[in-house]
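See below for the structure under consideration.
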Amino acid sequence: MPELPEVHTIASDLKKHIIGFRITEVDIVNNYRVEPDAKTFKKALLQQTITDVHRVAKNILIQLESGDYFRVHLAMTGQVFLRSEKDIVPRWTRVLLRLSRNTDTKTIFFTDMRMFGKHAIISAEEVILLKKRYGPEPIPQSDITYEEFHKRITSKRTNIKNVLLDQSIISGLGNIYATDALFLAKVHPETLANKLNPDTTKKLLDAAKQVLSEGIENRGSTLSDKMYLDIFGKEGFHQNHFKIYGKTECPVCKTKVEYKKISARGTYFCPNCQQLKND
DNA sequence: ATGTTTGTTCCGAT
DNA sequence: CATCGGAACAAACA
C-alpha cells in the first residue's frame, strides 16, 4: 500500500500539474469524514489557489494561498487521480476538487476504499507539529547520521521489523520496503533492535535508503490488488524489483524463503542470509 | 462464508 | 510511568 515512494510519486506529479490552479468546487461524497468538519473544510478550500505541494512522511500536503494546507494521508487504500474529464467518477471517490486556471479545468478525485485515510485542513503551525511527530526522513536529502540512527533504533526493545515500521523512529518505511531493507542488510526481522551493533544499523540505514530510492525511481509498487496507481491511473514498476518481498526462493542463495506474520504483518525473509542473532 | 489484507491509533498489559 | 503488543478500524476479494 502507499509507502514513501508511492506518496512521493503522487505528491511530485501533483506538484507538476496543479500549482496555480484555483479550487472552484469541493465535494465530499456520502458524508466522508474530513477535519475539522465539512463546513470548515469546504470554506478553507473554495476559491483558493494552490501554491505548492509537499510530502511529509506518508502525508501529501497541498499548500493554499491562504497559508493553510490540505493534508491527505492515504493510509492503506487511498488513491489520488487527476483527470480532465469531469463526468467519470472513479470507484470509492470520497472527496473531489474541481480546479481551474484560465480556460483549463481539471478534477482531483480522492478515493479511499476502506476509509482509513485522513483528509484535513491544517495551519502552518500544525504542519510544524506534524513534522515533529515523525522521525527523520531517510531520503532524498537524509538529515540523519549513522550515529543518530543507531541511537534511535537501539532505544527500542522490540524486534527490528517493528522498529522500522515505527514512523516516530524513521519515517517512510511500510511493510514492503521494511521487509526488503532487512533482506538487503542481511538482518533477521525478529532480531531485537537493542542487540544491533553500529555496523549493522549502518547497513540497515543504507539498505533503507536504497530500497526507498529504487522505489521512487520505479514510480512505486503496484500489487495485484491495484490499490496503488499514480495520479494518471498508471501502475508503478517497483514490484518487478522486489528483493525478497513476495518471493518463494532467495535470489542470493536459492534457499526457500520463509513467510511469517510478525506483529500481524506478512514478512518474507531468507533463513540462510538473515540469521537470527539474539545471543 | 470466512480469512486475509495493512497504516495508524488506541487500550490494556507489562 | 513508560513502553510494548495486539486489537480495532472498513471493505473487497478469494
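Labels below follow one simple rule: chain letters A, B, ... track the order of the sequence lines, proteins then strands, and each chain is numbered from 1.
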Practice problem: Would you kindly give the CG-to-P distance between L4(A) and dG7(B), to the nearest whole Å? | Solution: 13 Å

Quiz item: To the side chain of Y134(A), which of dT8(B), dT5(B), dA11(C) is closest?
Solution: dT8(B)

Quiz item: Could you state the CG-P distance from D166(A) to dT3(C), rounded to the nearest angstrom?
Solution: 11 Å

Practice problem: Write down the distance between CZ (R33(A)) and C1' (dC9(C)), rounded to a whole number of angstrom. | Solution: 11 Å

Practice problem: Mind checking S263(A) for me? I need base, sugar-phosphate or nothing, with any heavy atom below 4.0 Å counting as a touch. | Solution: nothing

Quiz item: Roughly, in whole Å, what's the span from CG in L165(A) to P in dT8(B)?
Solution: 9 Å

Quiz item: Relative to the ring of Y268(A), is the ring of Y259(A) parallel (under 30°), tilted (30 to 60°) or perpendicular (over 60°)?
Solution: tilted

Self-check item: Spacing between I170(A) atom CD1 and dG7(B) atom P, to the nearest angstrom
Solution: 16 Å

Practice problem: Return the value, rounded to whole Å, for the distance between atom CE of M115(A) and atom P of dA11(C). | Solution: 3 Å

Quiz item: Counting any heavy atom closer than 4.0 Å, what does N162(A) reach on the DNA or RNA strands: base, sugar-phosphate only, or nothing?
Solution: sugar-phosphate

Exercise. Return the value, rounded to whole Å, for the distance between atom CH2 of W92(A) and atom P of dA11(C).
Key: 12 Å

Quiz item: Base, sugar-phosphate alone, or nothing: which one does Y259(A) contact when heavy atoms must sit under 4.0 Å apart?
Solution: sugar-phosphate

Quiz item: Closest to the H73(A) side chain: dC4(C), dG7(B), dA11(C)?
Solution: dG7(B)

Quiz item: Going by ring centres under 5.5 Å and near-parallel planes (under 30°), is F116(A) stacked on dT8(B)?
Solution: no

Quiz item: Reckon Y177(A) touches a base, only the sugar-phosphate, or nothing at all at heavy-atom distances under 4.0 Å?
Solution: nothing

Exercise. Determine the interplanar angle of the Y69(A) and H54(A) rings, folded into 0 to 90°, and report it as parallel if under 30°, tilted if 30 to 60°, perpendicular if over 60°.
Key: tilted

Quiz item: Which part of the nucleic acid does K118(A) contact within heavy-atom distance under 4.0 Å: base, sugar-phosphate only, or nothing?
Solution: nothing

Self-check item: Among dT8(B), dT9(B), dT3(C), the one nearest R157(A) by side-chain distance
Solution: dT3(C)

Self-check item: Given R98(A), K106(A), K42(A), the one that forms salt bridge (charged side-chain N to carboxylate O under 4.0 Å, His left out) with E25(A)
Solution: R98(A)

Exercise. Would you mind telling me which of dT5(B), dA12(C), dG7(B) lies closest to the side-chain atoms of N175(A)?
Key: dG7(B)

Practice problem: Return the value, rounded to whole Å, for the distance between atom CG of D225(A) and atom C1' of dT5(B). | Solution: 8 Å

Quiz item: The side chain of K156(A) lies closest to which of these nucleotides: dG7(B), dA11(C), dC4(C)?
Solution: dC4(C)

Practice problem: Could you work out the separation of dG3(B) and dA7(C) based on their P atoms and round it to a whole Å? | Solution: 14 Å

Practice problem: Describe the nucleic acid contact of K226(A) in one word from base, sugar-phosphate, nothing, applying a heavy-atom distance below 4.0 Å. | Solution: nothing

Self-check item: Comparing R91(A) and T158(A) on DNA chain C - which has the more 5′ nearest nucleotide
Solution: T158(A)

Quiz item: Does some side-chain heavy atom of F41(A) sit less than 4.5 Å from a side-chain heavy atom of I28(A)?
Solution: yes

Quiz item: Going by the angle between their ring planes, with limits at 30° and 60°, are H119(A) and F70(A) parallel, tilted or perpendicular?
Solution: tilted

Quiz item: Of all the nucleotides listed (dG7(B), dT8(B), dT4(B)), which has the minimum atom distance to the side chain of K261(A)?
Solution: dT4(B)

Self-check item: Donor/acceptor link under 3.5 angstrom from R265(A) side chain onto base of dT8(B)
Solution: yes

Exercise. Find out whether D230(A) and F232(A) are in side-chain contact, i.e. whether some heavy atom of one side chain is under 4.5 Å from a heavy atom of the other.
Key: yes

